[in-house]
Number of protein chains: 2
Amino acid sequence: MPAYPFAPESPGSATVASPVRVEPPPSPRGWAASCAVDLVLLSPRQGRLAVFLERSTGERAGDEPSWALPWGTPWPTDATLDDCARRIAARALHHEDAPPLTWLAQAGTFADDRQHPGRIELSVGIVATVPAGARQPDAPSGESSGAWFTEVPPLHDRHRAVLDAAVAAIRLSIDTAPVAFRLLPATFTLSELQQVYEILLGHRLHKASFRRALLAASLVEATDDWRSEGRGRPAQLFRYAPRRRRPRRRGVRFDLLRG
Amino acid sequence: MPAYPFAPESPGSATVASPVRVEPPPSPRGWAASCAVDLVLLSPRQGRLAVFLERSTGERAGDEPSWALPWGTPWPTDATLDDCARRIAARALHHEDAPPLTWLAQAGTFADDRQHPGRIELSVGIVATVPAGARQPDAPSGESSGAWFTEVPPLHDRHRAVLDAAVAAIRLSIDTAPVAFRLLPATFTLSELQQVYEILLGHRLHKASFRRALLAASLVEATDDWRSEGRGRPAQLFRYAPRRRRPRRRGVRFDLLRG
DNA sequence: CCAATTAGTATCAGTCTGGTACTAAAGTCA
DNA sequence: TGACTTTAGTACCAGACTGATACTAATTGG
């Protein structure tokens, strides 16, 4: 824990300070913008990553995109942006009580020219995982508002950017947060887990190495159940149960640098 | 490149879609909030990470914190939030032309109860690096507005959260973005580079392994210059010059998972 | 000239990766 | 029933990588 300790730097640096706030905000309360949370719900489907989209109203006639990410403006009852995202997910997935979100993270904030379906000026992108198998309950007759896509239709530029940022964020988190486990039900086979990793990483993994490293890390715990999926030997079911904090490697990975 | 391909999921899923935007926004334009960019400028100083803070005006008498992150509300001339951050950095560091920012990333957006020095409702945290040695030019007589801190004084809760998120973000980026190099001048010794890695990682590194891995990754290029820093053998200067795209490891790092 | 200090290298044992090839247990089909 | 296919899971091994120890190299300060 070296971190940032404080106390002005020893003499020589500019320690004199005077109240400065040179830019006069347009209004006393400061600049106000229309804000929204744009939600990227991700779930593995058919060996790919799927995203949940809703029908876009198309603000004006002739608008191209007819699908959009679930989104909404924060409400006073939302204590945090994450809470706002959960509320939006509950509406979109028709889980009014508790939407099946197992992981949630921010995925960029955008306030540029790119168009938002609701003409929102500032978008906060939030990405969340929905475990495989946690399908939303059927919407009340004909009221289903969206669908899971594995091939993305045209979106508003802003939503396209949010989606790209969300996928980048979940991929970046794969090593430091148990996102892969969050994309699976409570019990799963090691082949299923490996497939999720392969989806997120974008390449195949070596089976023996994957299991060896996983078991060595004491992240999973075998159950007594086995699942027979059609033909082939049944697979043992595991659950995510991180045990001992293993000593992690101290070295630096220079091979991951890009740009 | 597997990614998210599209086309609604095969039959069985809810593909029916109707225009839904059930929540009526308070205003036709949607909910508007006061927004600001809170900037975390980081630079290595004396073997630690230092952050640049400005005197806080203290909105009302009796306010505790007297230091704050540089911040500002977006201007119409800011094409993006990053541009806004660069403008704020230019003012704070008195580099009106081009502030010496070498890397820039978002570090969370906050819209919760935690107090902002300007009573802003929504804060976009942005973290940027200033290379060691790139000191801001002396401010016009007595007008210096801030200082670099290695020990953090009390801040408004919102700024404390932004700072924590910024440090977490830069640490998370260390393996995938050349942040360590961005915290150094154009040429540097390998010991200096190792020290920056140690500051960011929070623990010591093995010298031989560090150099071996760094050289193997073809990330740096030796110059003809050597620097003698007081006693001890002079060190060769290197520059960041990533060459060949080396085949990166395909395995999974389970040892980095936390929580 | 010698000690202290910092830069940089050599060697080596233990570990980890990923390739190949194997065994195990189920279904399918003749 | 018995071969064949399919998926799960393991064994072995050569090569690569890590980190510990110990070394050499070059400079400053006495």
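What's counted below: heavy atoms across the whole structure, side chains too, no hydrogens, waters or symmetry copies. Chain identifiers are assigned alphabetically (A, B, ...) following the order of the sequence lines, protein sequences preceding nucleic acid strands; residue numbering begins at 1 within each chain.
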Atom [atom1] of [X] to atom [atom2] of [N]: distance rounded to whole Å?
{"X": "A/Trp226", "N": "D/dT7", "atom1": "CH2", "atom2": "C1'", "value": "12 Å"}
{"X": "B/Gln195", "N": "C/dT6", "atom1": "CD", "atom2": "P", "value": "12 Å"}
{"X": "B/Lys207", "N": "C/dA10", "atom1": "NZ", "atom2": "C1'", "value": "13 Å"}
{"X": "B/Phe238", "N": "C/dG8", "atom1": "CZ", "atom2": "P", "value": "6 Å"}
{"X": "A/Arg204", "N": "C/dT20", "atom1": "CZ", "atom2": "C1'", "value": "16 Å"}
{"X": "A/Asp255", "N": "D/dT18", "atom1": "CG", "atom2": "C1'", "value": "13 Å"}
{"X": "A/Leu214", "N": "D/dT10", "atom1": "CG", "atom2": "C1'", "value": "15 Å"}
{"X": "A/His206", "N": "D/dA16", "atom1": "NE2", "atom2": "P", "value": "16 Å"}

May I ask you to check if B/Arg182 and B/Trp103 form a cation-pi contact, with NZ or CZ under 6.0 angstrom from the six-membered ring centre and within 45° of the axis?
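Pair B/Arg182/B/Trp103 does not count as cation-pi.
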Assuming nearest nucleotide by heavy-atom distance, tell me which of A/Gly232 and B/Ala235 is located more 5' along DNA chain C.
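This one resolves to B/Ala235.
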Pick the closest DNA chain C nucleotide for B/Leu237 and for B/Gly251 by heavy atoms, then say which residue is nearer the 5' end.
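Comparing both residues, the 5'-ward one is B/Leu237.
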Listed nucleotide nearest any side-chain atom of [X], set [options]:
{"X": "A/Arg233", "options": "D/dA26, D/dT7, C/dT5", "answer": "D/dT7"}
{"X": "A/Arg211", "options": "C/dA24, C/dG8, D/dT10", "answer": "D/dT10"}
{"X": "B/Arg250", "options": "D/dA11, C/dG18, D/dT18", "answer": "C/dG18"}

Taking the ring of A/Phe181 and the ring of A/Phe238, is the distance between their centroids below 6.0 Å?
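Not under 6.0 Å, so no.
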Evaluation steps, side-chain contact (heavy atoms from CB on, under 4.5 Å), between B/Leu257 and A/Asp175:
CA-CA 6 Å; B/Leu257 278 191; A/Asp175 279 338; over 6 Å; no
At 4.0 Å (heavy atoms only), tell me whether A/Ser209 reaches a base, stays on the sugar-phosphate, or touches nothing.
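Base contact.
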Indicate, with a heavy-atom threshold strictly under 4.0 Å, whether B/Glu229 touches base, sugar-phosphate, or nothing.
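Here B/Glu229 touches no strand at all.
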Counting only side-chain nitrogens and oxygens, does B/Ser191 get under 4.0 Å of the OP1 or OP2 atom of C/dA7?
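So the side-chain polar atoms of B/Ser191 do come within 4.0 Å of the phosphate oxygens OP1 or OP2 of C/dA7, strictly under.
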Mark yes or no for a side-chain to base donor-acceptor pair under 3.5 Å between A/Arg212 and C/dG18, with no hydrogen or angle criteria applied.
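Under the 3.5 Å cut-off, the side chain and the base do form a donor-acceptor pair.
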For A/Arg227, does the CZ atom have more than 12 heavy-atom neighbours from other residues, nucleotides or ligands under 6.0 Å away?
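Enclosed: over 12 neighbouring heavy atoms sit under 6.0 Å from CZ of A/Arg227.
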Between A/Leu183, A/Leu104, A/Leu101, which is the residue that forms a side chain to side chain contact (heavy atoms under 4.5 Å, CB included) with A/Thr129?
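Option passing the side chain to side chain contact (heavy atoms under 4.5 Å, CB included) with A/Thr129: A/Leu183.
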